[in-house]
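Just below is one structure, and these are the notes that go with it.
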2 protein chains.
Amino acid sequence: MPKPTLVDVGREAGVSAITVSRALRSPEKVSEALRAKVEIAVKKLGYVPNQSASTLASNKSSSIVVMVPSISNNVFTDVLGGISDALHGSRFNMQIGYTNYDSQEEERILRSFLNPTPSGVIISGLEQTDETRQMLENAGVPVVQIMDISPKPIDMIVGFSHDQAAETATQHLIDSGYKNIGFIGAQMDPRSLKRLAGFKKAISDNGELREQCIAVTNKPSNVRLGATLLDKLTSQFPECDAVFCNNDDLSVGVLFECQRRGIKVPDELGICGFNDLGISSETVPSITSVTTPLREIGRLAAAMVIGEEGAPSTPIVDLSYTISARESTKRV
Amino acid sequence: MPKPTLVDVGREAGVSAITVSRALRSPEKVSEALRAKVEIAVKKLGYVPNQSASTLASNKSSSIVVMVPSISNNVFTDVLGGISDALHGSRFNMQIGYTNYDSQEEERILRSFLNPTPSGVIISGLEQTDETRQMLENAGVPVVQIMDISPKPIDMIVGFSHDQAAETATQHLIDSGYKNIGFIGAQMDPRSLKRLAGFKKAISDNGELREQCIAVTNKPSNVRLGATLLDKLTSQFPECDAVFCNNDDLSVGVLFECQRRGIKVPDELGICGFNDLGISSETVPSITSVTTPLREIGRLAAAMVIGEEGAPSTPIVDLSYTISARESTKRV
DNA sequence: TTGCAAAATGATTGCGCAATCATTTATGAT
DNA sequence: ATCATAAATGATTGCGCAATCATTTTGCAA
């Protein structure tokens, strides 16, 4: 037997197809009696609506498009988890696009995802191409940019200031008594560059910034890279006594390398990470990190894009971050 | 201006709509001259095909449905990465469903994803409900089960034997000279239970299995839980001199707890993890783990489901695992 | 050149649904 | 009881595309 359609359900229930459609989409517009009959017929036939037909007829899809740079980065899995939570039980489903940190790829994927028009778009970062911004504006759908913050979002935005977070973290290292602080970074996307800028500002405000205190790479971040970059940093900046890491993969890698080389943390080297990915609080010693509201960003973005209760009333939501000071910066 | 349709493109190019459709879907059926004209018109108008209309008319969607228990588990992000890689550049896109380790939820989600019929389904594990299996068989689409192995898949399967992998790993601990080996496990889903069974078999084959050597929980796995479960294990099984962990979050947590409590690894306690999630090779000491072909599972599953070249010729693919012996089991 | 198959192109139709407008039925004030 | 109004239900239509079948053009052997 072929899949039942609205007409089949209508026949079974003794009503017209459109009444079935209404009974399912807006039950309050259909009398109690018919609604019950329709419900029984739906169950009996195992009717499942055809998404494509619905989308084609109404020219509205019930997808929320989510564009993220990568799936293997834990940062984004946390954000996706938040979105998934918020969407669970709603009539919306999530369509994920992986841009691989490439704006052109983002534009290409988004173009195909915007036809038919989804119910909303959640997109990472501020660095969309002009065409992408244009497309999004023309599409006339709610758009929420995430992860970063800006006074001029395409539509709405929820995130936090990477400059400030990094500046605060660096200041924490300075306040902890470290004098020669280095920066280690991988995957130097625009947000990473902002963190570097925040670091530089804090250093400059407290003395002199030397170029050799920075060791970065554009490779994707991982634990091993933390060790590699620490090697690089200590060879070009031997007096280094603390390091601020772009993210927690690196900070964990740095800690392990210190253990290997017998460098005492926090006394000989202070370590501060970023994003507080769950492992940094567990290492021995535990690693200071910047706790960022990743799941919350996802949850809020979803709420904002579907215009749910619980959504913030302003289009710009600057979430807070906190410095989780742990043993790796607790100098005696 | 409204979105251009095939008709618009056809008018622009001076051909009929169906020719445009053919030029895009099967260019070899259209003459060189028209194809070029169509291409220009498509570019000029910025035409993007309407997925819904295409799906409705052909009754085939170009989605590959992927059902996974969770997104926050690194195991599945690796698998998804493999699928994503394999699908990149093909005409297929990926539709992800999160079951949260719940077969009923899986059935519910899958039911909605099967209408319209996708091009294929990739689904984790063997524990589908009868209704789910029925649905999948009726749908008449290629189905690839992943992560586990079985002689009787719904359609195709690619994975490895969790029993055997765990048995081999446990044997490695025995061979390394450990006498009182414990098992630590979280998120005790069916595959975890198989690992436990493999552990038990190895222990029984080499002596006597005592119940107190097992410490498990159904909570989701994380690093901290490794510490908690080690506490539990050592209190109920004080003579324990090695531990096999269900996965690498736990093994890392166990190592850190040992560092906290001054337990020497590998001399006083041997540690073996599972899945080799990237961090276990970096810790100090590095942690022995069972390296499992997660990305490869994803890649192969995608190739099998879309029937691509490079796909295995048999419907059952039992991939190998390897024991990556590291410092945490290298007793002097 | 003729004839005929194969290739190229086009016209028509329906996929399943929701928007729109039309019709019927219930409700309630007088 | 009567009428006005609202609520409930139904009939028709078109969304954009691809399947199907019809027609035209091309290639090429005899």
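All chains are named by letter (A, B, ...) in the order of the sequence lines, taking the proteins before the strands, and each is independently numbered beginning at 1.
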* Taking protein heavy atoms under 4.0 Å as touching, what does nucleotides 6-19 of chain C look like 5' to 3' if B marks base contact, S marks sugar-phosphate-only contact and - marks none? -> --SBBB--BBBBSB

* Asked: Are Glu39(A) and Arg35(A) within salt-bridge range, i.e. N to O under 4.0 Å?
  -> no

* Any side-chain hydrogen bond (donor to acceptor under 3.5 Å, both in side chains) pairs touching residues 112-124 of chain A, not counting sequence neighbours? -> Thr117(A)-Lys3(B)

* To do: Output all residues satisfying salt bridge (charged side-chain N to carboxylate O under 4.0 Å, His left out) with Glu28(B), sequence neighbours left out; order by chain, then residue number.
  => none

* Asked: For Gln187(B), does its backbone N or O pair with a side-chain atom of Ser192(B) as donor and acceptor, under 3.5 Å?
  -> yes

* Asked: So does Arg11(A) pair up with Asp8(A), basic N to acidic O under 4.0 Å?
  -> yes

